[in-house]
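Counting from 1, the numbers follow the sequence of the chain as shown.
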Amino acid sequence: MNEDSTTIRPLMLGIGICATVLMLAAPDAQAGTITDFLDRIGGCRKPMSESFSYEISPYTAKPYGKALAEWTDQDVADFRAYFVACQTRRSDWRSMGDYNRNDAIRVIDTAMAELRPKVAEARAVADKQRADAAYDTEKRLRAEEQQRTEAEAATQRAQAEGAARAERAGRNEEAKKTVVSLLQELLAFTQNEIEALPPDQKLARLDGYLTRMQAIAAEIGDAPAAKPLLTMLEQTRQLRAQIEAERDRQAAVPRVAPNQGDGAITEGGPHPDFEWLGQQLIMALTNPLQRESFRISLARGIDFNVGVSAIEPAPTGWLVQLSGRPGVPGKPGQGLFCRVNGTDTASLAVLRTVTPPYGIIHVAAPDADEFVLESSPVQIRIVFRDCRVTPPDNR
């Protein structure tokens, strides 16, 4: 019995020592990042004073295993409780007196008074950093959005400018074609026809060209084709002024009245020239004050050579569309027409030999029984009745 007691006593002493070591190594607080770190560096065997100045330092990224900015209030409370528990478990805690016990706790609270502001400051810095990062991110996103918006706007502007340039180019090309066609027609008239006409007819034809050039100039605006058009317009005005001055100079000179056979235009005879009649039509189209007098003049009838744009059936015969430019098709339903009776076999025989729009015939008619002349929208339909068609003569 004594031998067994001797064996058991050292064993119980060892168990007691181990228990005491374990009690001193770590408090009973719930384990966390801070308390785990304290356990790893020695627990209660390493006083706070040996680690605090090193750990709570600007050069230590994670004091006691955790960045100060991430310390929670519970971490701060656990940190204090850990070292308070270490003090209360000292073997001399009860015998050291109130003053010494209070002084031991005061040392811990002094360190805590230094720790808490540093934790608050670290949290504030972290919050500011997060706010600054969020602001920078938002600013960057706004800048990227603005760049995308500006890029899209620039693309849209470029597309719109390209479309506008293409549209202008198309308009300029159409204006060029119109101007070139008119100038070629005017050039042919001044080089080949004008000298054979009397002064009044020259002026009437030139007035028609001037009216057309002014209308086209107003339509095309500042297109490149406007420059040669305006140049020719001024030259045509000068030519007209010269012809008018010459006519006035010779007005007092006695002249033999022209007869019907020389192709001159007289107030009592039929219109002998399709081009001149067309110029009168254009002037009446652009100036509504001239339409009634033009309509009345059609009662004189027609008697001239003219091209054929088309031949169409009519209720009582055939409708011949007249043209001053052989080879150019007319606009369906619009222009000057000559109605040939279905019983006029001689006229029909001549029409059978014609190939529109290249054929040329001679037409004569007493007057017009259809008259439509409107400028907006443009509507031109003048039909001469009871037309007689013969082969073209040499006039």
Side-chain angles (χ1 to χ4, degrees), residues 1-140:
M1 181 69 180
N2 291 336
E3 183 179 354
D4 292 339
S5 298
T6 305
T7 303
I8 292 172
R9 190 176 294 110
L11 177 62
M12 294 300 294
L13 180 61
I15 292 173
I17 293 173
C18 289
T20 301
V21 170
L22 290 174
M23 290 175 61
L24 292 174
D28 291 335
Q30 184 176 1
T33 302
I34 308 301
T35 55
D36 285 346
F37 186 89
L38 291 172
D39 289 342
R40 288 196 302 272
I41 65 174
C44 291
R45 289 172 297 159
K46 189 171 185 178
M48 178 190 293
S49 59
E50 293 184 13
S51 64
F52 188 84
S53 60
Y54 171 77
E55 291 292 337
I56 307 302
S57 166
Y59 305 104
T60 303
K62 293 183 177 182
Y64 295 103
K66 193 173 185 179
L68 284 181
E70 299 175 3
W71 278 48
T72 65
D73 293 342
Q74 186 62 47
D75 290 332
V76 174
D78 290 347
F79 183 78
R80 181 181 183 280
Y82 190 97
F83 285 103
V84 169
C86 288
Q87 292 296 328
T88 59
R89 290 178 181 178
R90 289 171 53 175
S91 60
D92 60 347
W93 178 255
R94 294 185 180 277
S95 62
M96 62 190 306
D98 291 340
Y99 177 83
N100 291 330
R101 284 195 294 269
N102 291 337
D103 185 63
I105 298 301
R106 197 164 37 250
V107 170
I108 296 173
D109 287 339
T110 299
M112 294 305 298
E114 181 181 350
L115 174 62
R116 288 189 180 94
K118 291 185 177 181
V119 170
E121 181 182 0
R123 288 176 182 174
V125 171
D127 290 342
K128 185 177 184 305
Q129 290 174 344
R130 284 191 293 269
D132 290 345
Y135 173 78
D136 292 340
T137 300
E138 182 181 358
K139 183 179 179 181
R140 176 178 55 80

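- Shown here are the side chain to side chain contact (heavy atoms under 4.5 Å, CB included) partners of Gln129, two or more places apart in sequence or in another chain: Val125.
- Taking the six-membered ring where tryptophan is involved, the planes of Tyr64 and Phe37 are perpendicular, since the angle between them exceeds 60° and thus also 30°.
- Ion pair Asp103/Arg106 flagged as a salt bridge, since at least one NZ, NE, NH1 or NH2 atom sits closer than 4.0 Å to an Asp/Glu carboxylate oxygen.
- The CZ atom of Arg40 sits 6.0 Å away from the CG atom of Asp36 when rounded to the nearest 0.5 Å.
- Contacts of Glu55 classified as side chain to side chain donor-acceptor pair (under 3.5 Å), with partners at least two apart in sequence or in another chain: none.
- Here the straight-line distance linking atom CD of Gln74 with atom CD1 of Ile34 works out to 11.0 Å at 0.5 Å rounding.
- Between Lys46 and Leu38, every side-chain heavy-atom pair lies at or beyond the 4.5 Å cut-off.
- More than 12 non-hydrogen atoms from other residues, nucleotides or ligands lie less than 6.0 angstrom from CD of Glu50.
- Between Glu114 and Lys118, the shortest heavy-atom contact is OE2-NZ, 3.1 Å.
- Taking each heavy atom of Tyr82 and Asp39 in turn, the nearest pair found is OH-OD1, 2.5 Å.
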>> For Arg123 and Asp73: C-alpha separation, side-chain torsions, deciding distance, then whether salt bridge (charged side-chain N to carboxylate O under 4.0 Å, His left out) applies.
In response: CA-CA 11 Å; Arg123 288 176 182 174; Asp73 293 342; 3.2 Å; yes
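- Scored by the side chain to side chain donor-acceptor pair (under 3.5 Å) test, Lys128 finds Asp132 as partners (sequence neighbours excluded).
- Within 6.0 Å of the CZ atom in Arg140, the count of heavy atoms belonging to other residues, nucleotides or ligands exceeds 12.
- In this structure, the side chain of Thr88 does not engage the main chain of Trp93 through any donor-acceptor pair within 3.5 Å.
- Checked against side chain to side chain contact (heavy atoms under 4.5 Å, CB included), Asp92 has the following partners two or more places apart in sequence or in another chain: Arg90, Ser95.
- Trp71 and Ala67 make their closest contact through CD1-O, 3.0 Å (heavy atoms, listed as atom of the first residue, atom of the second, distance).
- The shortest side-chain heavy-atom distance between Phe79 and Met48 falls under the 4.5 Å cut-off.
- When side chains are defined from C-beta on, Val107 does not count as touching Phe83, because their heavy atoms never get closer than 4.5 Å.
- Remark: Asn100 engages no residue in a side chain to side chain donor-acceptor pair (under 3.5 Å) (not counting sequence neighbours).
- With sequence neighbours left out, the side chain to side chain donor-acceptor pair (under 3.5 Å) criterion links Arg101 to Asp98.
- For the residue pair Leu115 and Leu68, the shortest heavy atom distance occurs at CD1-CD2, 4.0 Å.
- A donor and an acceptor atom, one from each side chain of Thr72 and Asp75, are located under 3.5 Å apart.
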